[in-house]
Amino acid sequence: MPKKSKIHKKVKKAKVVVKKQRATRPPLEKGKVRVFQTLRGMKDILPGEGKYWGFIKRKAESFADNYGYDLIETPILEETSLFNRAVGSETDIVSKEMFSFVDQGGENICLRPEATASIARSYVQHGMVNLPQPVKFFYFGPMFRYDRPQAGRLRLFHQFGFEALGEGQPIIDAEIIFMCFNLLSDLGLKVNVQINSIGCPRCRESYKTKLVNYYRDRRSSLCEDCKKRLVKNPLRLFDCKEEGCAPLKEEAPQIVDYLCEDCKNHFVQVLEYLDEAGVPYNLNPQLVRGLDYYTRTVFEFFQEEIAGDGGAKQDALGGGGRYDNLVETIGGRPTPACGAALGIERIILKIKETNANVPALPAPEIFLAQLGEQARKKSFSLIEDLRRAGFYISHGLTKDGLKKQLEIANRLGAKYALLLGQKEVLDGTIIIRDMEGGAQEIVDLNRVIQEMKKKLTNGKIANNV
Ligand code: HAM
């Protein structure tokens, strides 16, 4: 019973919060229906944005295919305690930004703030340790963090990412960094990598002692959050965004000076691979990343121009690192692993800011315009025949006037229009109109596919997608 009463208390508390939020909405005039809005920090992806999303998704998928990262989809809802354990209860993500709630069954669940913990959970749950290692995953999907919304910082945002579980070699760290660097370059962005090593739990212990001693003498200059961090999780002192704490971070002892021999060798090898591949990077001793599961290599990607300032004035486009202890932390066998995730909204912001070249959505090859009910019926199945034959086709089935339909064909940039009216249906013909020159010819309706193949070949016909 005590369990139930605890849950009831939580639900009661949640209700109070909801009531408070509702109270902040302007009162509704009697008899009026409220126009609903997206929640704060959440956005609709609207028409016109599709070309950016499609461009990034296609590119990311092609990199995943080429580098052998297989698609994984995990549920958006998970047990809250998965992230408490994996990401760490003292991190900002877990302590301040979780969308967590008690469901109807009394279970404490949350909208995932990130995907690495879920993928590690899936790896353990499905016994993937028995597959040939490393098991390489690719994902693309929404994440949720109750952060203060601002440009590039949303409560609902999207990531795509790569995770390689079951391999501890430094070449994997380098491969993931190299792959993300190339991907961002292919998207038209010039990026710089910030990199650091935060060692393993063994070497981190002696470093933590040094760090705590350093900060203890300066405790009075710390913000309230940092005072707590100093006691609970000193490495998180580097996550602080308060200006007052920045000078202390600058002067703090650096973890790279405390790495054990194995961690040092690992880091040197990662850097050597990056040198070999010509990936530009900056060593950033303050980079510890805001998640507790990392070991050894950690890295972030920044737009090149501002990267020189340590990335302090801008948000990272992506980040990741090695997490050799995560699988064991959540109940699996010891499994070294490494991964990275990139933020899609931030990438789109940068693509727009830098006017990077984004291919427009492909124009239809054929636009089918019809006139009269019989022609509309005939067009209905003809469109599908043309699509199956491999053409990229659009149509004006809901429109009545021919002029209007040809205007649409023009706007869409269709190469050819097929015109089907009452007369053509009776004759068993169709008109092919070259949209550029305006030339028209009448062909047998049964031969329209062959005729269009001849015209549109130039060898290739658009793939059906
Ligand atoms: P993260 O640094 O928390 O790492 O997030 C990765 C990227 O997601 C960020 O660099 C940023 O582009 C984007 N992002 C994060 N929070 C927001 C936000 N509130 N609004 C918009 N974009 C955001 C992770 O999530 C780790 N799971 C990465 C990883 C994979 N480590 C190992 N494997």
Side-chain angles (χ1 to χ4, degrees), residues 40-43 45 56 60 69 72 74 78 82-83 86-88 91-94 96-99 111-123 134 136-165 172-173 175-177 179-180 183-184 187 189 191-196 198 236 238-239 241 287-303 307 311 314-327 335-351:
R40 197 162 124 75
M42 304 199 177
K43 285 188 177 168
I45 300 167
I56 295 170
Y69 286 74
I72 184 165
T74 57
E78 295 270 5
L82 169 68
F83 298 102
V87 176
T91 59
D92 279 0
I93 293 179
V94 169
K96 299 181 185 167
E97 299 169 7
M98 292 276 270
F99 277 91
L111 291 166
R112 64 178 182 194
E114 60 106 51
T116 311
S118 305
I119 289 166
R121 191 261 313 129
S122 181
Y123 177 91
K136 291 169 149 188
F137 303 103
F138 165 69
Y139 55 95
F140 192 107
M143 311 291 156
F144 302 82
R145 295 184 193 173
Y146 199 87
D147 208 344
R148 197 163 48 84
Q150 50 194 287
R153 197 164 288 268
L154 298 158
R155 288 183 177 171
L156 158 60
F157 61 98
H158 296 73
Q159 287 182 344
F160 63 89
F162 305 93
E163 312 286 348
L165 281 82
I172 289 282
D173 315 26
E175 179 190 83
I176 288 172
I177 296 171
M179 185 171 61
C180 294
L183 207 167
L184 289 165
L187 291 173
L189 300 175
V191 292
N192 177 286
V193 183
Q194 304 273 319
I195 191 166
N196 192 20
I198 56 168
R236 299 274 67 90
F238 287 102
D239 297 339
K241 293 173 192 101
L287 182 72
V288 294
R289 310 260 307 130
L291 305 97
D292 275 353
Y293 52 60
Y294 290 115
T295 50
R296 296 190 166 174
T297 322
V298 285
F299 51 84
E300 283 183 342
F301 301 94
F302 289 89
Q303 177 82 13
Q314 60 165 351
D315 289 321
L317 297 174
R322 183 156 276 288
Y323 47 96
D324 289 344
N325 299 330
L326 174 58
V327 170
T335 306
C338 189
L342 294 113
I344 298 162
E345 284 84 353
R346 286 192 194 168
I347 293 177
I348 292 177
L349 273 180
K350 285 290 168 218
I351 288 179

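Just follow the structure's listing: the first ligand is 1, and inside any ligand the first atom is 1.
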>> I'd like to know whether the aromatic ring centres of Y146 and F144 sit less than 6.0 Å apart in this structure.
In response: no
> In the protein, what heavy atom is nearest to atom 19 (N) of ligand 1, and what distance, to one decimal place, separates them?
Replying inline: L154 O, 2.8 Å
>> To check your reading of the model: name the closest protein heavy atom to atom 31 (N) of ligand 1, its residue, and the distance in Å.
In response: Y294 OH, 2.6 Å
>> Starting from atom 32 (C) of ligand 1, what is the nearest protein heavy atom, named by residue and atom, and what distance separates them?
In response: G339 O, 3.3 Å
> Hey, what do you get for CZ (R148) to CZ (R155), rounding to the nearest 0.5 Å?
Replying inline: 10.0 Å
>> Show the atoms of ligand 1 that are less than 4.0 angstrom away from any heavy atom in G318.
In response: 10 (O), 12 (O)
>> Between the side chains of R236 and D292, is the shortest nitrogen-to-carboxylate-oxygen separation below 4.0 Å, so that they form an ion pair?
In response: yes
> Closest non-hydrogen protein atom to atom 8 (O) of ligand 1, residue and atom name please, with distance?
Replying inline: Q159 NE2, 3.0 Å
> What residue and atom, counting heavy atoms only, is the protein's closest point to atom 11 (C) of ligand 1, and at what distance?
Replying inline: R346 NH1, 3.3 Å
> To which protein heavy atom is atom 2 (O) of ligand 1 closest, and what is the distance rounded to 0.1 Å?
Replying inline: R289 NH1, 2.8 Å
>> Give me the nearest non-hydrogen protein atom to atom 26 (C) of ligand 1 as residue plus atom name, then the distance to 0.1 Å.
In response: Y293 OH, 3.4 Å
> Can you say whether the rings of Y69 and F162 are parallel (under 30°), tilted (30 to 60°) or perpendicular (over 60°)?
Replying inline: perpendicular
>> Looking only at protein heavy atoms, which one is nearest to atom 33 (N) of ligand 1, and what is the separation?
In response: E163 OE1, 2.8 Å
